[in-house]
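Reviewing the structure listed below.
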Amino acid sequence: MPVWFKKQLMRAYFQKDRYQIKLLNQCWYFYLNAHTQKPVS
């Protein structure tokens, strides 16, 4: 996980910003799924 992303996530947790936490989590899982899927052959 990139440092800049961790900082944003930590800031959202400290501020208890539920919307930002959900948004960042969705972005991270979308990124992981898009970049870790193996091509089907």
Side-chain angles (χ1 to χ4, degrees):
M1 186 179 291
V3 174
W4 61 268
F5 193 83
K6 283 184 189 178
K7 286 182 182 179
Q8 282 191 2
L9 198 53
M10 291 301 288
R11 188 179 311 130
Y13 273 103
F14 287 138
Q15 294 175 352
K16 296 182 175 145
D17 185 351
R18 295 177 118 184
Y19 175 78
Q20 188 73 8
I21 293 168
K22 287 180 185 179
L23 181 67
L24 290 169
N25 279 333
Q26 288 174 350
C27 290
W28 180 244
Y29 285 111
F30 177 78
Y31 174 83
L32 282 181
N33 286 336
H35 288 23
T36 59
Q37 286 183 351
K38 296 181 176 113
V40 178
S41 47

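Start at 1 with the first residue, then count along the sequence.
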Gap separating the CD atom of Gln20 from the CZ atom of Arg11, nearest 0.5 angstrom: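 The CZ atom of Arg11 is 8.5 Å from CD of Gln20, to the nearest 0.5 Å.
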Nearest-0.5 Å distance that lies between atom CD1 in Ile21 and atom OH in Tyr13: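 It comes to 5.0 Å.
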Among the clusters formed by ILVMFWY side chains lying less than 4.5 Å apart, do [X] and [Y] turn up in the same one?
{"X": "Trp4", "Y": "Tyr29", "result": "yes"}
{"X": "Phe30", "Y": "Leu23", "result": "no"}
{"X": "Phe14", "Y": "Leu24", "result": "no"}

Heavy atoms of other groups near Met10 CE, more than 12 under 6.0 Å: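 Counting other residues, nucleotides and ligands, CE of Met10 stays at 12 neighbours or fewer.
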Enclosure of Tyr31 OH (heavy-atom neighbours >12, cutoff 6.0 Å):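 No, because the 6.0 Å sphere around OH of Tyr31 holds 12 heavy atoms or fewer from other groups.
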Single hit among Lys7, Lys6, Met1 for side chain to side chain contact (heavy atoms under 4.5 Å, CB included) with Val3: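 Looking at Lys7, Lys6, Met1, the match for Val3 under the side chain to side chain contact (heavy atoms under 4.5 Å, CB included) is Lys7.
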